[in-house]
Amino acid sequence: MIKYDPKQMEPKWQKRWLENKTFAAVTGGDRPKFFALVEFPYPSAQGLHVGHPRPYTAIDVVVRKRRMEGWNVLYPMGWDAFGLPTENFALKNHIHPAIVTRNNINRFRAQIQALGISFDWDREVDTTDPSYYKWTQWIFLQLYKKGLAYKKEMAVNWCTSCKVVLANEEVVNGACERCGGDVVRKVKSQWMLKITEYAGRLIDDLDGLDYIERVSASQKHWIGRSHGADIVFGTTAGDDLVVYTTRPDTVFGATYMVISPEHDYLKKWAPLLKNSEEIAAYQDAAAHKSDFERTELGKDQEKTGVLLQGVEAVNPATGENIPVFISDYVLASYGTGAIMAVPGHDERDWAFARKFGLPIVEVVAGGNIDEAAYTDIENGTLVNSGFLNGLTVEEAKKEITDWLLRKHKGEARVNYKLRDWVFSRQRYWGEPIPMVWCDTCGWVPLPEDQLPLELPYIEDFEPTGEGDSPLARHDEWVNTTCPKCGAAAKRETDTMPQWAGSSWYFLRYCDPHNSEMLASEAALDYWMPVDWYNGGMEHTTLHMLYSRFWHKFLYDIGVVKGPEPYMKRTSHGMILGEDGQKMSKSRGNVVNPDDVIAEFGADTMRVYEMFIGDFEKTAPWNTASIKGSRRFLERVWALQDGLLPDEAVRPELESVVHRTIKKVGEDIEHLKHNTAIAAMMSLLNDLAAAGGATRGEYRILLQLLNPFAPHVTEEAWEQSGFGGEVSGQPWPAWDENKLQEDTVEIAVQVNGKVRGKVMLPAGVAKGDALAAAKAVPAVQAALAGKTLAKEIWVPGKLISFAVK
RNA sequence: GCCGCCAUGAUGGAAUUGGCAGACAUACCUGACUUAAAAUCAGGAAUCGGAAACGAUGUGCCGGUUCAAAUCCGGCUGGCGGCACCA
């Protein structure tokens with residue numbers, strides 16, 4: 001027997017798999033299809049991290065088993081390669097982002113291939129490849145044509161010292177991540193995508209999907225649907241002020257109103273306002289507050305605001321005039337940017353009313369509004385509320401909503417916290433937005449036959465001091481002609497955000513080399529939807545919602561046949577450093593997978609990461625225990641020496657072998673790879689105790705272990721002369737009749753304490769088992785002198801006597 | 001503040017959905033092999049008491065349901081992740 005040497009064997013098999021295209025997916029055929037997806041990585045300059053292989057391997061185990069079971073599997077990999085870190089790395093090291101990206105991809109590919117993951121490398125995609133982003137741009141154009149892409153003045157993060165627009169991720173506690181300078185809000189015109197139009201469907205359609213609970217829960221929470229009503233308040237200025245509220249039942253308690261400092265009416269009402277200077281000062285202060293100051297700190301601070309002198313509102317329920325304030329606790333971006341304040345039953349309004357000495361009226365009985373706002377909507381009845389008096393909150397909501405409708409003073413309304421997607425970045429390393437500005441025609445989409453609009457190769461890709469994209473400096477690229485009227489025009493210089501390319505990449509995997517369309521109808525029909533998608537929790541609300549939104553849009557325009565892209569979503573836990581902290585360069589606790597493979601081999605790395613613990617939970621890396629996985633593989637390898645010639649399983653081992661087959665198969669489907677491995681370790685211990693394995697037993701062990709440790713099992717299979725390759729064998733079957741041991745050990749409890757054990761034949765009847773149990777001396781002693789109240793028989797497991 | 005998740009030996013973690021807590025592994029201890037060490041093999045081990053048989057106690061804390069609770073219920077404590085002035 002040759003020595004177990006992963007350095008020799010692993011590259012040999014990896015090369016063979018690539019050359020023979022062992023794992024290449026073929027579209028079509030009679031076998032059931034299985035599209036398994038893991039999130040494609042961002043190829044960073046740091047190279048692969050030990051966290052990456054965890055999901056790749058876990059799903060690899062599933063698909064390797066599924067192939068053996070006869071499924072037609074698509075398991076692809078690619079690169080989400082546009083983005084800020086690459087651009088920043090390029091700036092710092094004076095290397096062009098295109099070159100950085102190419103190098104990083106090559107490194108990542110080699111590192112992933114060294115793990116022996118059964119990806120179909122013929123379907124690799126790269127979001128920075130013009131033949132790929134052609135279709136990202138195409139989808140944008142379709143969105144634009146359907147009115148789902150629009151330009152809007154939006155506040156962006158502006159670093160006052162770098163003079164550059166920052167992404168939200170670059171703003172840390174209100175300061176620039178790079179220089180520590182102050183970050184303020186600066187208004188720029190940005191492309192937006194109307195994801196809010198899909199908000200309801202994005203929630204409702206979650207119901208038919210097999211997402212783990214925490215994913216669907218946080219998507220729902222993020223979209224934030226609430227049910228309430230719009231209510232129209234008249235004003236002394238003549239304009240109606242519409243508010244959104246989830247508590248229309250409390251309208252009789254609305255003793256003042258608040259509008260956001262950005263509210264449109266302030267401009268309109270300026271001539272009427274007697275304290276416009278004070279108001280302007282407050283507006284200015286609010287504009288200069290960063291988001292951080294306005295939310296993170298703001299909620300703990302005292303409420304601020306200014307009374308509008310010269311305009312009053314009219315409560316439609318009471319008919320009374322009430323004052324109107326501006327305050328930054330009312331957000332311009334939610335609802336109508338105005339609220340009716342009900343200090344008796346809203347904590348924020350209560351705090352504001354207290355500070356400004358405004359009346360607090362109780363309209364729902366049950367609390368003590370002198371102490372705090374009473375917000376319990378489950379209990380409480382309406383008081384001081386005219387025709388609503390005596391109703392419960394739920395009844396009152398319905399009653400007042402009907403009344404509002406009758407009186408033309410409002411209507412029921414559903415609202416969402418979800419905002420439209422800011423789709424512009426003032427950066428170089430992203431997909432150009434295929435739009436042209438013409439002074440006479442306005443925004444004109446680039447004709448589809450001019451796609452892809454390639455990102456020009458420029459050397460001065462650092463951001464401009466005006467906050468424009470670096471592309472804006474390049475007149476030769478910016479200046480073009482209007483596709484509509486032919487006059488001189490300018491290209492959009494903003495690029496798409498990093499989320500764009502990843503919003504549809506799974507579709508491209510179905511037909512990655514198609515130059516006519518993003519993927520052929522036949523390929524999409526065959527492979528979509530994704531049957532199982534695994535990824536990180538950090539992508540639950542952005543990537544997952546963006547891609548579901550795009551997919552629903554493509555469904556609406558007939559490109560795909562189903563409304564949802566992913567049938568099942570699971571999520572892996574992070575791998576922490578040995579100190580239990582998140583791995584990071586600054587902590588010095590980063591483990592490099594290359595080193596692990598060099599020392600122990602890829603199979604050991606795979607088995608270790610699968611054995612480390614519950615897949616969904618974070619797990620600390622532990623260098624000391626890796627050797628346990630290596631030892632296990634060594635022992636499996638060594639077992640081929642001196643195989644017993646029998647091709648069958650020995651009768652005394654049948655039950656353990658069949659139980660292991662059943663357990664490993666079931667555990668894999670539930671991503672409980674840790675217990676599957678434990679079961680195989682146990683089987684190996686049993687085989688060793690039985691003086692080694694027969695050929696038949698060894699074949700089964702290698703088949704079960706193959707999805708976890710594909711290289712060593714193939715090598716041992718070949719060395720043992722079993723013929724063919726393990727990956728080409730059918731998955732072992734188990735026989736229900738062979739699961740049971742002939743005899744079982746049954747625990748005997750008296751009043752919940754184990755007092756003895758009996759060995760009995762497997763199918764023993766209750767009466768016989770009880771009799772045998774009572775014959776055990778220790779049980780007899782425990783029963784002596786007591787009255788037997790109850791006898792419980794759990795077949796094959798335990799007997800419990802309850803005595804008094 | 002809200003939402004979600006978690007708490008089991010020295011360590012990572014198991015426990016057919018209420019049925020013998022601690023599988024499997026790491027570290028540790030003992031023995032075999034070895035001049036020796038490593039590697040390998042065999043064995044030990046939750047804690048406390050006891051030489052041992054054995055007994056008692058044990059799954060973050062307090063209480064409950066049950067013949068039986070890591071698991072279910074009520075009330076806490078601590079930790080992790082996300083959201084956060086959303087009317």
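Atom set for the values below is all heavy atoms of this structure, side chains included, hydrogens, waters and symmetry mates excluded. Chain letters run A, B, ... following the sequence lines, proteins first and then strands; every chain starts at 1.
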Please state how far atom [atom1] in [X] lies from atom [atom2] in [N], giving the value in whole angstrom units.
{"X": "Glu578(A)", "N": "rA10(B)", "atom1": "CD", "atom2": "P", "answer": "20 Å"}
{"X": "His572(A)", "N": "rC5(B)", "atom1": "NE2", "atom2": "P", "answer": "19 Å"}
{"X": "Lys753(A)", "N": "rG58(B)", "atom1": "NZ", "atom2": "C1'", "answer": "11 Å"}
{"X": "Lys757(A)", "N": "rC54(B)", "atom1": "NZ", "atom2": "P", "answer": "12 Å"}
{"X": "Gln581(A)", "N": "rG79(B)", "atom1": "CD", "atom2": "P", "answer": "14 Å"}
{"X": "His221(A)", "N": "rG81(B)", "atom1": "NE2", "atom2": "P", "answer": "18 Å"}
{"X": "Asp346(A)", "N": "rG1(B)", "atom1": "CG", "atom2": "C1'", "answer": "13 Å"}

I'd like to know if [X] and [Y] make a salt bridge, using a cut-off of under 4.0 Å between side-chain N and carboxylate O.
{"X": "Glu791(A)", "Y": "Lys774(A)", "answer": "yes"}
{"X": "Lys398(A)", "Y": "Glu394(A)", "answer": "no"}
{"X": "Arg247(A)", "Y": "Asp249(A)", "answer": "yes"}
{"X": "Arg413(A)", "Y": "Asp230(A)", "answer": "yes"}
{"X": "Arg630(A)", "Y": "Glu599(A)", "answer": "no"}
{"X": "Glu538(A)", "Y": "Lys582(A)", "answer": "no"}

Ignoring hydrogens and geometry beyond distance, is a side-chain donor-acceptor pair present between [X] and [Y] at under 3.5 Å?
{"X": "Tyr244(A)", "Y": "Ser226(A)", "result": "yes"}
{"X": "Tyr256(A)", "Y": "Asn315(A)", "result": "no"}
{"X": "Thr304(A)", "Y": "Tyr282(A)", "result": "yes"}

Could you pull out every donor-acceptor pair under 3.5 Å between side chains of residues 745-760 of chain A and any protein atom, sequence neighbours left out?
from      : atom 1 : to        : atom 2 : distance (Å)
Asn751(A) : OD1    : Val803(A) : N      : 2.9
Asn751(A) : ND2    : Val803(A) : O      : 3.4

Please report the distance separating the [atom1] of [N] from the corresponding atom of [M], rounded so that it comes out in whole Å.
{"N": "rC28(B)", "M": "rA38(B)", "atom1": "P", "answer": "10 Å"}
{"N": "rA32(B)", "M": "rU16(B)", "atom1": "P", "answer": "41 Å"}
{"N": "rA84(B)", "M": "rG1(B)", "atom1": "C1'", "answer": "8 Å"}
{"N": "rA70(B)", "M": "rG22(B)", "atom1": "C1'", "answer": "11 Å"}
{"N": "rU71(B)", "M": "rU59(B)", "atom1": "C1'", "answer": "10 Å"}

> Which part of the nucleic acid, if any, lies within reach of Glu347(A) when heavy atoms closer than 4.0 Å are counted: base, sugar-phosphate only, or nothing?
Replying inline: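 No contact at all - Glu347(A) keeps every heavy atom at 4.0 Å or more from the nucleic acid.
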Any protein N or O atoms within reach of nucleotides 66-68 of chain B? Criterion: under 3.5 Å, listing atom names and distances.
from    : atom 1 : to        : atom 2 : distance (Å)
rC67(B) : OP1    : Lys790(A) : NZ     : 3.3
rC67(B) : O2     : Ser800(A) : OG     : 2.7

> Would one find more than 12 heavy atoms of other residues, nucleotides or ligands at under 6.0 Å from atom NE2 of His670(A)?
Replying inline: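 Incorrect, the count does not exceed 12.
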Select one nucleotide: of [options], the one nearest the side-chain heavy atoms of [X].
{"X": "Lys303(A)", "options": "rC83(B), rC85(B), rC41(B)", "result": "rC85(B)"}
{"X": "Leu331(A)", "options": "rC41(B), rU40(B), rC85(B)", "result": "rC85(B)"}
{"X": "Thr246(A)", "options": "rC85(B), rU26(B), rA87(B)", "result": "rA87(B)"}
{"X": "Leu798(A)", "options": "rG82(B), rC20(B), rC85(B)", "result": "rC20(B)"}

Polar atom pairs (N or O), protein with nucleotides 71-73 of chain B, under 3.5 Å:
none

>> On RNA chain B, does the nearest nucleotide to Met537(A) precede the nearest nucleotide to Ile339(A) from the 5' side, or the other way round? Give the residue.
In response: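 Final value for this comparison: Met537(A).
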> How do Ala689(A) and Arg755(A) order along RNA chain B: which one's closest nucleotide is nearer the 5' end?
Replying inline: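 In this pair, the answer is Ala689(A).
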>> Show me the dot-bracket string of RNA chain B, counting Watson-Crick or G-U pairs under 3.5 Å, with | for pairs to another strand and [ ] for crossing ones.
In response: (((((((..(((......[....))).(((((.......))))).((((....))))..(((((..]....))))))))))))....
>> On the nucleotide rC2(B), are OP1 or OP2 found under 4.0 Å from the side-chain N or O atoms that Lys417(A) carries?
In response: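 Negative; the distance criterion is not met.
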>> Looking at rU40(B), I'd like to know if its phosphate oxygens (OP1 or OP2) sit under 4.0 Å from a side-chain N or O belonging to Arg631(A).
In response: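 Yes, such a contact exists.
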> Can Glu362(A) and Tyr374(A) be said to form a side-chain contact (heavy atoms from CB on, under 4.5 Å), step by step?
Replying inline: CA-CA 9 Å; Glu362(A) 181 181 55; Tyr374(A) 181 63; over 6 Å; no
>> Classify the ring geometry of Phe325(A) against Phe352(A): parallel below 30°, tilted from 30° to 60°, perpendicular beyond 60°.
In response: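 Ring orientation, 0 to 90° scale: perpendicular.
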> Would you say His673(A) and Asp667(A) make side-chain contact, with heavy atoms under 4.5 Å?
Replying inline: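 No. Closest side-chain heavy atoms not under 4.5 Å.
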> Quick one: what's the B/S/- string for nucleotides 11-16 of chain B, heavy-atom cutoff under 4.0 Å, read 5' to 3'?
Replying inline: -BSSS-
With a cut-off of 3.5 Å and sequence neighbours excluded, list every side-chain donor-acceptor pair involving residues 605-612 of chain A.
from      : atom 1 : to        : atom 2 : distance (Å)
Arg606(A) : NE     : Phe708(A) : O      : 2.8
Arg606(A) : NH1    : Asp60(A)  : OD2    : 3.0
Arg606(A) : NH1    : Leu115(A) : O      : 3.1
Arg606(A) : NH1    : Gly116(A) : O      : 3.0
Arg606(A) : NH2    : Asp60(A)  : OD2    : 2.7
Arg606(A) : NH2    : Pro707(A) : O      : 2.8
Tyr608(A) : OH     : Asn622(A) : N      : 2.9
Tyr608(A) : OH     : Asn622(A) : O      : 3.4
Glu609(A) : OE1    : Arg54(A)  : N      : 3.1

